[in-house]
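Every value quoted in this text rests on a predicted model; they were computed, and no experiment measured them. Start at 1 with the first residue, then count along the sequence.
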Amino acid sequence: MSRRTALVVVFLALAARLALLALVHHRDPMAFSYVDTEDYLGPARALRDLGAYAPGPERPGEAEIVRAPGYPLLMAATFTLLGEERWAVSAVGALLATATALVLLFGMGRFVGERASAWGATLLCLDAGSVARSLDLLSETLFTLLLALALLALCSAVSRGPVRPAPALLAGFLTGAAVLVRPILLYFPLAAAAGLALVAVRRAAGTKARLLPVAAFLAPVILLAGGWIVRNGVATGAYVMTPVAGHQLLHRRAAAVDARVRGVSLTRAQEELGIREAFFRWRGPGSERELFGARRYAEVFPATAGLSAAELDRRWTRRALEIFREHPLGTARMLAQGTAMLLLSPPPVILSAKWGLLRPSEELFRLWSDQELGRFAARLRQESPRVWAAAGGAGGQRGVLCGRARAGLLLLGRRVPTAVQAVLAGTFLYLAATSAGTDALDDRFRVPLMPVACLYAGASLAALPSRPSRDEASGAGLASIR
């Protein structure tokens, strides 16, 4: 695979994304919007109309802290330039995904080899989930690009010789920006800084040479992420990045452990642990009737209705940690299942329903929500053999890619500097560990892992014997005649 061929594939994938956008948007302008999309649209409109980060233009005096500002800023800029058109945000997502592939193609080659980077970019552009989900009005595509650029800068900082402060500074800025898009990366800078310090100690002499790269990396992270935490504290009294970590731990992870231990369905465990309260807190008072019917929120949750978002988040975190401590084997099983879903979940399942290609029955939807995957697959085969076949094919493709990525991981371990390998593998493991929950069945959470996975798989394919070009073959034939 040459770089020129890979470049053609990258731009063909861009054309495919835009064609898919035109086709699907024509049928349903809301096809790329999800429940979470509305949580981003409100702050984006507030930024555009008020110049302030609020939950929406209709709530000007209230500070938004549930969603970090990175993606709403992109949406607000798009709305300002092109008008409030959802297709425009999707088109920007297509361009961002293309930029991510170009980062692999032209940036990572000096660390893993040009053929490996060319194969990695090609595989990323052939991944159906990465292509389709780049059009969603969600934060994953922007986050993935920033993360890929941060990894490129980190690899540049540690690839050879003493750790260089300039790329470390750039990596810190990009990492901080990525945290402001998806706070799931909040603890990654600590691990990255520790790795930088270890490499600096081993390669440099003198305290200044050892500390400067680490300080250069951490300074912009602290400025961006720390500054946002301070802003939230000043505005609301809650010194947190976003008050959703407890919800993710309790309702998206501990609930699965609790459901298995008590022998109840996942949705029942989530309900009993208060997931509707989380939805109400994030969506605002307008969702009260939808979530609770004729009852009021304070009647349903009298013990916690008076707590602030940060206090409630801490309460949920404590309850989740209690469940994890009481059931360590169940927790390990939940993480293993979540990781498998994260790596293998087929995109056709969600997208076919979202794009109107499948109208799931109540039973099929229940099996999906409760993650009874075996029964779900059997039922899907009955209701839509085509979607079932597409999902099976996509799952098989994902399995092959994972196998190739594993082979590439072992191969690069012998061919690239250990520090570069640690950056790539460590980032992948961090994202996998923090994303492995019940919501990992939604393949959009796999999108940020795909550049690294495709890079490893590309290294494996690049190591295969290549067929000689026509010129090389002709030259060899003439040589043999002589």
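- S90 and L135 make their closest contact through OG-O, 2.6 Å (heavy atoms, listed as atom of the first residue, atom of the second, distance).
- Residues M341 and Q371 meet the side-chain proximity criterion, which asks for heavy atoms closer than 4.5 Å.
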Would R446 and S345 satisfy side-chain hydrogen bond (donor to acceptor under 3.5 Å, both in side chains), going step by step from the backbone distance to the final call? CA-CA 9 Å; R446 182 175 56 241; S345 58; 3.0 Å; yes
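- Checked by atom type and distance alone, the side chain of T304 never pairs as donor or acceptor with a backbone atom of L307 at under 3.5 Å.
- Between F32 atom CZ and L138 atom CG the span is 11.5 Å, to the nearest 0.5 Å.
- Here E114 does not pair with R4 in a salt bridge; the nearest charged N to carboxylate O distance is not below 4.0 Å.
- Counted within 6.0 Å of CZ on R289, heavy atoms from surrounding residues, nucleotides or ligands total 12 or fewer; the atom is thus considered open.
- Salt bridge annotation for D136-R444: absent, with no cationic side-chain nitrogen under 4.0 angstrom from a carboxylate oxygen.
- Within the 4.5 Å cutoff, the side chain of R48 has heavy atoms near those of the R45 side chain.
- Here the side chains of M75 and P43 are not in contact, with every heavy-atom distance at 4.5 Å or above.
- Residues R231 and I65 form a side-chain contact, since some pair of their non-hydrogen atoms from C-beta on lies under 4.5 Å apart.
- With hydrogens and angles disregarded, no donor-acceptor distance shorter than 3.5 Å links the side chain of E277 to the backbone of G274.
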Side chain to side chain contact (heavy atoms under 4.5 Å, CB included), that's the test. Do I184 and S435 meet it? Break it down for me. CA-CA 8 Å; I184 194 174; S435 302; 3.7 Å; yes
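- Taking CG from L23 and NE2 from H26, the interatomic distance works out to 8.5 Å, rounded to the nearest 0.5 Å.
- In this structure, L266 CG and E372 CD are separated by 9.5 Å, a value rounded to the nearest 0.5 Å.
- Qualifying ring pair (Phe, Tyr, Trp, His ring centres under 6.0 Å) partners for F79, counting only residues two or more places apart in sequence or in other chains: none.
- When atom types are taken as modelled, the side chain of R59 and the backbone of A54 share no donor-acceptor pair closer than 3.5 angstrom.
- Contact annotation: the side chain of T175 approaches that of F188 to within less than 4.5 Å [non-hydrogen atoms, C-beta and beyond].
- Between G176 and L224, the closest heavy-atom pair is C-CD1, 3.7 Å.
- The shortest distance between side-chain heavy atoms of F428 and L409 does not fall below 4.5 Å.
- Residues T144 and T141 have side chains that never bring a donor and an acceptor to within less than 3.5 angstrom of each other.
- You'll find the side chain of Q270 stays beyond 4.5 Å of the side chain of L273, heavy atoms only.
- Put simply, the side chain of S265 gets close to the backbone of R268: a donor and an acceptor are under 3.5 Å apart.
- No side-chain heavy atom of P29 sits less than 4.5 Å from a side-chain heavy atom of W87.
- Counting all heavy atoms, side chain and backbone alike, L455 lies closest to S117 at CD1-CA, 4.1 Å.
- D313 contributes a side-chain N or O that, together with a main-chain N or O of A245, makes up a donor-acceptor pair within less than 3.5 Å.
- Aromatic ring orientation, Y40 versus Y71: perpendicular (interplanar angle above 60°, classes split at 30° and 60°).
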Please walk me through it: do R3 and F106 pass side chain to side chain contact (heavy atoms under 4.5 Å, CB included)? CA-CA 8 Å; R3 180 176 285 180; F106 293 105; 3.4 Å; yes
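- At a cut-off of 3.5 Å, with distance as the only test, no side-chain donor of R253 or T438 sits close to an acceptor on the other residue.
- Considering OG of S352 and CG of L358, their distance stands at 4.5 Å, rounded to 0.5 Å.
- Ring-plane geometry between F376 and W368 is classed as tilted, the angle between the planes lying from 30 to 60 degrees on a 0 to 90 degree scale.
- A donor and an acceptor atom, one from each side chain of S33 and R86, are located under 3.5 Å apart.
- Taking the six-membered ring for Trp and the full ring otherwise, Y53 and W228 have centroids separated by under 6.0 Å.
- When all heavy atoms are compared, the tightest approach of S369 to T267 is CB-CG2, 3.7 Å.
- Formation of a donor-acceptor pair under 3.5 Å by the Y187 side chain with backbone atoms of Y430 is not found in this model.
- Test R296, R281, R276 against E288 for salt bridge (Lys or Arg N to Asp or Glu O under 4.0 Å) and you get one pass: R296.
- Within the 3.5 Å criterion, the main-chain N or O of G237 finds no donor-acceptor partner in the side chain of N232.
- Here the straight-line distance linking atom CD1 of I275 with atom CG of L250 works out to 9.0 Å at 0.5 Å rounding.
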Derivation of the side chain to side chain contact (heavy atoms under 4.5 Å, CB included) call for R110 and L152: CA-CA 10 Å; R110 55 191 167 127; L152 176 61; 4.2 Å; yes
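- Formation of a donor-acceptor pair under 3.5 Å by the T80 side chain with backbone atoms of A76 is found in this model.
- Between D443 and R398, none of the side-chain N atoms (NZ, or NE/NH1/NH2) sits under 4.0 Å from a carboxylate O, so this pair counts as no salt bridge.
- With respect to D36 and R67, a salt bridge is recorded, a charged nitrogen being found less than 4.0 Å from a carboxylate O.
- Counting only distance, with no hydrogens or angles, the side chain of E64 and the backbone of V66 share a donor-acceptor pair below 3.5 Å.
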Would L169 and F217 count as a side chain to side chain contact (heavy atoms under 4.5 Å, CB included) here? Give the steps. CA-CA 5 Å; L169 178 68; F217 173 76; over 6 Å; no
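- Between E383 and R359 there is no salt bridge, since no side-chain nitrogen of the basic residue lies less than 4.0 Å from a carboxylate oxygen of the acidic one.
- The existence of a salt bridge linking D442 and R133 is confirmed by a sub-4.0 Å separation between a basic side-chain nitrogen and an acidic carboxylate oxygen.
- Residues C454 and L401 share a closest heavy-atom pair of SG-CD2, 4.4 Å.
- The backbone N or O of A118 lies less than 3.5 Å from a partner atom in the side chain of T122, making a donor-acceptor pair.
- Smallest separation of non-hydrogen atoms from R17 and S130: NH2-O, 3.6 Å.
- Separation of atoms CG (L431) and CG (L449) is listed at 5.0 Å; rounding is to 0.5 Å.
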